[in-house]
Student: 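Got a structure for you, written out below as structure tokens; questions coming shortly.
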There are 2 protein chains.
Amino acid sequence: MTDTQRAVSCGNCSVRRLCLPAGLSQGDIDKLEQITRKKKIVKSGESLFRTGDPFANLYAIRSGSFKSAVIAADGDTQVTHFALPGELLGLDAYSGRVHPSYAEALEDSSVCVLPFSQLETLAQQVPALQQQIYSIFSEELKQENDILMLLGKRSADTRLAALLINISSRYARRGYSASRFVLSMPRTDIANYLGLTAETVSRLFSRFQKEKLIRASGRDVEILDLIGLSEVAGTHCGYEGEG
Amino acid sequence: MTDTQRAVSCGNCSVRRLCLPAGLSQGDIDKLEQITRKKKIVKSGESLFRTGDPFANLYAIRSGSFKSAVIAADGDTQVTHFALPGELLGLDAYSGRVHPSYAEALEDSSVCVLPFSQLETLAQQVPALQQQIYSIFSEELKQENDILMLLGKRSADTRLAALLINISSRYARRGYSASRFVLSMPRTDIANYLGLTAETVSRLFSRFQKEKLIRASGRDVEILDLIGLSEVAGTHCGYEGEG
DNA sequence: ATTTTTGCTTGATTCAGATCAATAACTGCC
DNA sequence: GGCAGTTATTGATCTGAATCAAGCAAAAAT
């Protein structure tokens with residue numbers, strides 16, 4: 001076994017506790033690794049899959065980050081998700097056998113390729129894996145509901161504050177600083193995701209800085225006052241999400 | 001076997017093609033029925049489950065309709081879903097072992113009670129059932145993405161038009177008229193779901209009537225001009241959803 | 001049958017965030 | 001290092017939907 005292949009194993013993956021192997025025995029992880037031999041590099045701005053692509057694989061993010069988005073009939077797009085290491089992409093493609101959304105790397109990223117038919121077969125034999133798949137689906141649904149709340153009822157400042165706290169706590173889970181991080185997405189993507197315009201997002205960044213809630217320079221963000229920011233977000237953690 | 005029990009069988013259920021049994025062989029459906037012995041009646045306004053209830057069952061709607069909603073830290077609620085016969089409720093509770101949302105009957109309704117641990121075990125033995133569960137999860141995610149588009153970028157009239165078309169096509173799938181139906185939810189719920197106020201929704205109903213797109217009297221709705229309504233919705237079917 | 005409640009509609013006014021517009025800063029890239 | 005093309009900030013203005021405020025209809029309660 002070469003070093004390159006070793007690098008793909010779950011055992012030495014920094015996000016194994018957040019990803020599919022979570023809760024599996026070593027023996028089951030070995031089986032999972034056997035169907036996850038391929039790794040894929042996706043450069044910043046490139047697509048992992050596009051809307052309409054046939055569904056064959058799920059993708060587990062190893063490193064980097066992605067946005068996923070849907071495209072309406074009129075060509076308009078809506079960013080639906082910012083995905084970080086350990087998260088799965090492509091789950092919404094199962095029922096239609098085609099990807100209804102697309103995923104694009106926000107920075108140079110790498111993913112594990114999971115052929116779904118094989119994963120399905122393995123899950124049939126490994127209850128813990130099946131449970132983990134249900135769990136990931138379910139968690140995803142739960143989070144979407146929280147975003148619906150954000151878009152349905154919340155003011156612009158609340159939305160941005162909630163996003164910053166959410167991203168912060170997700171980075172923290174992955175072993176990075178919760179208070180200082182680099183946003184991998186442009187303002188336009190943040191705005192689109194939050195149902196706002198880039199101008200409004202920019203103004204809010206300025207306002208949050210004036211209010212000493214954050215310090216921001218471009219995509220570099222430092223949270224100075226988590227309590228204050230949480231008050232703006234109207235909650236005590238992300239949008240009740242992961243954290 | 002009594003008549004009451006017979007009534008619970010999938011075989012004579014009008015929505016079996018949309019529900020869990022879809023795609024299963026008769027033998028597999030029999031097995032499914034064995035774990036689905038209980039049926040539950042939920043009266044209008046009553047809860048099927050509440051936020052925070054421990055997760056034990058999934059519920060398949062036999063008749064009637066439900067709204068599900070999440071409650072924010074400040075007590076504010078967001079309606080996340082209107083569920084019709086054949087649809088499953090409770091999927092978002094799996095990962096946390098607790099219901100993160102609640103489900104309330106919009107009219108007198110009945111559901112099949114599916115103990116999840118037994119369903120899980122059965123799915124392990126019946127690949128077609130496992131696939132159907134994945135499919136339902138996946139479909140749900142897909143639809144949430146379409147709602148995100150609606151809430152993120154669309155104007156009030158577009159949102160309501162899309163909802164009307166979506167509900168119409170879902171009724172049609174269940175064998176009811178696509179052009180004439182009774183909304184089971186009050187205006188406030190429609191407004192909340194669409195991220196609007198009840199006043200705005202009411203004004204839009206009036207406007208759509210003036211424009212001869214619909215005829216509405218309270219919750220009784222008739223679609224007069226599907227093409228016109230689709231133009232307002234900016235799409236050719238529901239929010240790209242089920243239809 | 002009459003009061004109370006709940007749900008729906010309509011009008012007047014306000015405001016948060018969009019839109020339009022102009023710079024400014026940053027990122028490659030010759 | 002300088003130029004072209006993004007990406008971000010800031011300002012002025014506008015507008016769609018919220019909010020505030022009645023009034024009305026239908027259903028539930030007395």
Side-chain angles (χ1 to χ4, degrees), chain A residues 43-46 67 76-79 104-108 149-164 182-211 214-221 232-234, chain B residues 43-46 67 76-79 104 106-108 150-164 182-211 214-221 232-234:
Chain A
K43 293 228 187 77
S44 180
E46 284 180 357
K67 69 170 172 185
D76 202 10
T77 75
Q78 170 72 39
V79 175
E104 188 182 305
L106 291 165
E107 60 195 301
D108 291 355
M149 164 75 81
L150 221 55
L151 295 192
K153 305 193 100 70
R154 302 313 194 181
S155 58
D157 55 357
T158 298
R159 295 183 201 193
L160 183 62
L163 177 66
L164 290 174
V182 177
L183 295 168
S184 56
M185 70 293 284
R187 297 281 189 271
T188 49
D189 284 345
I190 293 178
N192 184 301
Y193 176 71
L194 295 176
L196 303 169
T197 57
E199 292 93 324
T200 297
V201 169
S202 186
R203 277 183 248 274
L204 287 170
F205 266 96
S206 303
R207 200 192 96 190
F208 286 176
Q209 279 196 91
K210 220 180 308 177
E211 297 172 349
I214 64 170
R215 196 202 53 71
S217 151
R219 300 186 185 180
D220 213 336
V221 174
V232 176
Chain B
K43 293 226 188 79
S44 180
E46 283 179 359
K67 69 170 171 184
D76 203 9
T77 75
Q78 169 72 39
V79 174
E104 188 182 305
L106 290 166
E107 60 195 301
D108 292 354
L150 221 54
L151 294 192
K153 305 195 100 70
R154 302 314 194 181
S155 59
D157 55 356
T158 298
R159 294 183 202 194
L160 183 61
L163 177 65
L164 290 174
V182 177
L183 295 169
S184 56
M185 69 294 285
R187 298 281 189 272
T188 49
D189 284 345
I190 293 177
N192 183 303
Y193 176 71
L194 296 176
L196 303 169
T197 57
E199 292 94 323
T200 298
V201 169
S202 185
R203 277 183 247 274
L204 287 170
F205 267 96
S206 303
R207 200 192 95 193
F208 286 176
Q209 278 196 90
K210 219 179 311 177
E211 297 172 350
I214 63 170
R215 195 201 54 71
S217 150
R219 300 187 184 179
D220 213 336
V221 175
V232 176

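The model shown is predicted, which means the values in this text are computed figures rather than measured ones. Protein chains get the first letters and strands the later ones, always in sequence-line order, with residue 1 at the start of each.
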Student: Out of curiosity, Leu163(B) CG to Tyr193(B) OH, how far, rounded to the nearest 0.5 Å?
Tutor: 6.0 Å
Student: In whole angstroms, how far is the C1' atom of dT27(C) from the CD atom of Glu107(A)?
Tutor: 16 Å
Student: Quick check: closest heavy atoms across Ser184(A) and Glu107(A), and the distance to 0.1 Å?
Tutor: CB-OE2, 3.4 Å
Student: Find the bend of the helix from dA1(C)-dT30(D) to dC30(C)-dG1(D) as the angle between its two terminal axes (five pairs each), to the nearest 10°.
Tutor: 50°
Student: Starting at CD of Glu104(B), measure out to CD of Glu46(B) and round the result to the nearest 0.5 Å.
Tutor: 9.5 Å
Student: Considering non-hydrogen atoms only, spot the tightest contact between Ala156(A) and Thr200(A) and give its length.
Tutor: CB-CG2, 3.9 Å
Student: Distance check, rounded to the nearest 0.5 Å: Arg187(A) atom CZ versus Thr197(A) atom OG1?
Tutor: 13.0 Å
Student: Can you name the closest pair of heavy atoms from Ala233(A) and Ala162(A) and give their distance?
Tutor: CB-N, 3.7 Å
Student: Which letters describe nucleotides 23-30 of chain D, given B = protein heavy atom under 4.0 Å from base, S = only from sugar-phosphate, - = neither?
Tutor: --------
Student: Strictly below 4.0 Å, heavy-atom distances to any atom of DNA chain C: list the hits from residues 184-191 of chain A, or just say none.
Tutor: none
Student: Report yes if the side chains of Lys153(B) and Thr77(A) come closer than 4.5 Å at any heavy-atom pair, otherwise no.
Tutor: no
Student: Measuring from Leu183(B):CG to Leu106(B):CG, what's the distance to the nearest 0.5 Å?
Tutor: 10.0 Å
Student: Not counting sequence neighbours, list each pair that qualifies as a salt bridge (charged side-chain N to carboxylate O under 4.0 Å, His left out) and has a residue in residues 195-204 of chain A.
Tutor: none
Student: Any side-chain heavy-atom pair from Gln78(A) and Leu150(B) closer than 4.5 angstrom?
Tutor: no
Student: Rounded to whole angstroms, how far apart are CZ on Arg207(A) and P on dT9(D)?
Tutor: 15 Å
Student: Nearest 0.5 Å, please: how far is CZ in Arg207(A) from OG in Ser202(A)?
Tutor: 13.0 Å
Student: To the nearest Å, give me how far apart CG (Asn192(B)) and P (dC8(C)) are.
Tutor: 14 Å
Student: What heavy-atom pair brings Ala198(B) and Thr188(B) nearest, and what distance separates the two atoms?
Tutor: CB-CG2, 4.1 Å
Student: Taking only side-chain N and O atoms of Arg219(B), does any of them lie within less than 4.0 angstrom of OP1 or OP2 on dC8(C)?
Tutor: yes
Student: Distances under 3.5 Å only, N/O to N/O: pair up the protein atoms with those of nucleotides 20-24 of chain C.
Tutor:
| unit_1 | atom_1 | unit_2 | atom_2 | d |
| --- | --- | --- | --- | --- |
| dC20(C) | N4 | Glu199(A) | OE2 | 3.2 |

Student: Show me the protein contacts with nucleotides 13-17 of chain D, counting only N or O atoms at under 3.5 Å.
Tutor:
| unit_1 | atom_1 | unit_2 | atom_2 | d |
| --- | --- | --- | --- | --- |
| dA17(D) | OP1 | Ala156(B) | N | 2.7 |

Student: Rounding to a whole Å, what distance do you find between Asp108(A):CG and dG28(C):C1'?
Tutor: 14 Å
Student: Base, sugar-phosphate, or nothing: which does Ser206(A) touch, judged by heavy atoms less than 4.0 Å apart?
Tutor: sugar-phosphate
Student: Which heavy atom of Phe205(B) sits nearest to which heavy atom of Leu164(B), and what is that distance?
Tutor: CZ-CD2, 4.4 Å
Student: Taking Asp108(B) for its side chain and Lys43(B) for its backbone only, find out whether a donor-acceptor pair lies under 3.5 Å.
Tutor: no
Student: Rounded to the nearest 0.5 Å, how far apart are CG of Leu196(B) and CG of Leu151(B)?
Tutor: 8.5 Å
Student: To the nearest Å, give me how far apart CZ (Phe205(A)) and P (dA25(C)) are.
Tutor: 18 Å
Student: Taking all atoms of both residues into account, what is the closest heavy-atom pair of Asp76(B) and Arg154(A), and its distance?
Tutor: OD2-NH1, 3.4 Å
Student: Rounded off to whole Å, could you give me the CG-to-P distance for the Leu160(B) and dT9(C) pair?
Tutor: 11 Å
Student: May I have the distance from Leu194(A) (atom CG) to dA18(C) (atom P), rounded to whole angstrom?
Tutor: 10 Å
